[in-house]
Amino acid sequence: MNFPTFDGESTRLWISRAEYYFDTFTIDPALWVKLVGMHFTGAAARWIQSVDSKLKQLSWPLFCKLLHDRFGRDQH
């Protein structure tokens, strides 16, 4: 099963799929933020590159908040 890619659309759906993947394959939560950047494309890839220096310090909940703040505003 491939890890879901994220292009900036459907933020909540992508987070849910990523968490399902992590749970399915028993990925250590400490690695979650580090792993996701390789699976971003388009505008999301450019955004993650701009915050790359901060990623090592972010928890998954904080990362999800930043992701939602940047891409999830119109998903109501």
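Remember, it's a predicted structure, so these values are computed and weren't measured experimentally. These numbers come from the heavy atoms of this one structure, side chains and all, not from hydrogens, waters or symmetry mates. We number each residue from 1, following the sequence as shown.
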Rounded distance (nearest 0.5 Å) linking atom [atom1] of [X] with atom [atom2] of [Y]:
X	Y	atom1	atom2	result
D28	K34	CG	NZ	9.0 Å
H39	I48	NE2	CD1	10.5 Å
L55	L66	CG	CG	9.0 Å
L35	F22	CG	CZ	5.5 Å
T5	R17	OG1	CZ	9.0 Å
R46	T41	CZ	OG1	9.0 Å

Compare every heavy atom of [Y] with every heavy atom of [X], then report the nearest pair and how far apart it is.
X	Y	result
L31	I27	CB-CG2, 4.3 Å
W60	A18	CH2-CB, 4.2 Å
N2	Y21	C-CE1, 3.9 Å

### Task
Determine the interplanar angle of the F63 and W47 rings, folded into 0 to 90°, and report it as parallel if under 30°, tilted if 30 to 60°, perpendicular if over 60°.
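If you compare the ring of F63 with that of W47, the planes turn out tilted.
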Donor-acceptor contact present, side-chain [X] to main-chain [Y], <3.5 Å:
X	Y	value
S16	R12	no
W14	P4	yes
S59	L62	yes

### Query
Is the shortest heavy-atom distance from the side chain of F3 to the side chain of F25 under 4.5 Å?
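When only atoms from C-beta onward are counted, F25 and F3 do not touch, as no gap falls below 4.5 Å.
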### Query
Among side-chain atoms of W32 and E19, is any donor-acceptor pair under 3.5 angstrom?
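Note: W32 and E19 side chains miss the donor-acceptor criterion.
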